[in-house]
A.B. asks: 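Sharing a structure with you now.
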Amino acid sequence: MAHIPDGILSLPVLVGGGIIAASGVALALRQLDDRAIPRMAILSAVFFAASLISVPVGPSSVHLLLSGVMGLFLGLGIFPAVLVALILQAVLFGFGGLTTLGVNTLNIALPGALVGMVLGPMIRRTDSPLWAGAIAAIGSVLACWRRGEWLPYRSGFHPQSLPP
């Protein structure tokens, strides 16, 4: 799940998600190398365009996110890249919401950053492109598996409460 709209999550979840996302952005910007800026901008633009394709599911929607690939290429730089794209999507197209930017950024960027930190060194050490692709595929599946399912339940929203 991604692009959680405004009005679904409770204030403590919004504040906590915003604080963690802001910490991730600050840490990434502190470690940012000037040579990584074009790569971050291109992947942010690809994420922006790819995640505009959405399939409605309940009060939210499902999107192509590319967070595993972004995490492998950017590491922690995925946080500002996703944040910029989400701000543009919220302002220009009304996807997600401005109050949920922190939670949406965390929901998309954290699994990708973890995949990049865990699987990135393994992929770079591999001599075989076949093994590198297999490791990357496993990482992408793990990044998407059960992503964000805890957020709606944590905030008190349950899909069973939706009218038929």
Side-chain angles (χ1 to χ4, degrees), residues 1-4 9 13-14 16-57 60-90 92-93 95-97 100-154:
M1 179 195 325
H3 287 89
I4 300 169
L9 300 177
V13 173
L14 293 173
I19 289 171
I20 296 170
S23 301
V25 170
L27 186 61
L29 292 177
R30 179 176 288 181
Q31 297 175 354
L32 182 63
D33 181 22
D34 290 343
R35 295 175 294 165
I37 293 173
R39 180 178 39 216
M40 188 181 301
I42 289 171
L43 286 171
S44 182
V46 169
F47 166 77
F48 173 82
S51 65
L52 287 176
I53 302 167
S54 64
V55 178
V57 176
S60 188
S61 56
V62 178
H63 304 271
L64 178 64
L65 298 177
L66 306 171
S67 64
V69 172
M70 290 177 68
L72 289 172
F73 279 106
L74 299 176
L76 287 177
I78 189 175
F79 278 95
V82 167
L83 179 63
V84 168
L86 289 178
I87 289 171
L88 291 173
Q89 285 181 351
L92 297 176
F93 300 109
F95 281 3
T100 58
L101 274 174
V103 174
N104 282 331
T105 300
L106 183 64
N107 191 23
I108 296 168
L110 184 61
L114 293 175
V115 165
M117 286 190 283
V118 171
L119 296 181
M122 291 172 31
I123 291 172
R124 289 180 192 94
R125 281 194 314 254
T126 303
D127 293 333
S128 168
L130 180 65
W131 280 109
I135 293 170
I138 290 168
S140 294
V141 169
L142 292 175
C144 294
W145 182 57
R146 299 182 59 91
R147 165 185 286 144
E149 290 180 8
W150 61 275
L151 286 173
Y153 292 101
R154 178 79 183 202

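Heads up: numbering here begins at 1 and tracks the sequence.
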A.B. asks: Quick check for you: to the nearest 0.5 Å, what is the distance between N107 atom CG and I20 atom CD1?
C.D. replies: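 So the CG of N107 and the CD1 of I20 are separated by 12.0 Å.
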A.B. asks: Does the side chain of L32 come within less than 4.5 Å of M40's, by heavy atoms?
C.D. replies: yes
A.B. asks: Distance from L88 atom CG to F93 atom CZ, nearest 0.5 Å?
C.D. replies: 9.0 Å
A.B. asks: Once you round to the nearest 0.5 Å, how far does CG of L86 lie from OG of S44?
C.D. replies: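 If I round to the nearest 0.5 Å, the distance is 8.5 Å.
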A.B. asks: If every non-hydrogen atom of V103 is compared with every non-hydrogen atom of L14, which pair is closest and at what distance?
C.D. replies: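 It is CG2-CA, 3.9 Å.
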A.B. asks: So which heavy atom on W131 is nearest to which on T126, and how close?
C.D. replies: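 Where W131 meets T126 most closely, the heavy atoms are CB-CG2, 3.4 Å.
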A.B. asks: Does T105 reach the main-chain N or O of L101 with its side chain, forming a donor-acceptor pair under 3.5 Å?
C.D. replies: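 Answer holds: yes.
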A.B. asks: Please identify each residue that fulfils side-chain contact (heavy atoms from CB on, under 4.5 Å) with R125, with sequence neighbours left out.
C.D. replies: P121, M122
A.B. asks: Please report the interatomic distance CD1(I37) to CD1(I42), rounded to the nearest 0.5 Å.
C.D. replies: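 Going from CD1 on I37 over to CD1 on I42, the span is 12.5 Å.
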A.B. asks: Please report the closest heavy-atom contact between P80 and L76, naming both atoms and the distance.
C.D. replies: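 For P80 and L76, the tightest heavy-atom pair comes out as CD-O, 3.7 Å.
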A.B. asks: Heavy atoms only: give me the nearest F48-A85 pair and the separation to one decimal.
C.D. replies: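 F48 and A85 have their closest heavy atoms at CD1-O, 3.7 Å.
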A.B. asks: Just by distance, do the side chain of T100 and the backbone of I4 share a donor-acceptor pair under 3.5 Å?
C.D. replies: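 Looks like yes, one N/O pair under 3.5 Å.
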A.B. asks: Do you know the tightest heavy-atom contact between L72 and L119?
C.D. replies: CD2-C, 4.2 Å
A.B. asks: Any pair with a residue in residues 20-42 that passes salt bridge (charged side-chain N to carboxylate O under 4.0 Å, His left out), sequence neighbours left out, goes on the list, sorted by first then second residue, please.
C.D. replies: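 Every pair satisfying salt bridge (charged side-chain N to carboxylate O under 4.0 Å, His left out) with a residue in residues 20-42: D33-R35.
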A.B. asks: Without swapping roles, check the side chain of S51 against the backbone of F47 for a donor-acceptor pair under 3.5 Å.
C.D. replies: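 At least one qualifying donor-acceptor pair exists.
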A.B. asks: Indicate the atoms forming the closest heavy-atom contact of S67 with I108, along with that distance.
C.D. replies: CB-O, 3.2 Å
A.B. asks: Verify side chain to side chain contact (heavy atoms under 4.5 Å, CB included) between I78 and F73, making sure each step is shown before the conclusion.
C.D. replies: CA-CA 8 Å; I78 189 175; F73 279 106; over 6 Å; no
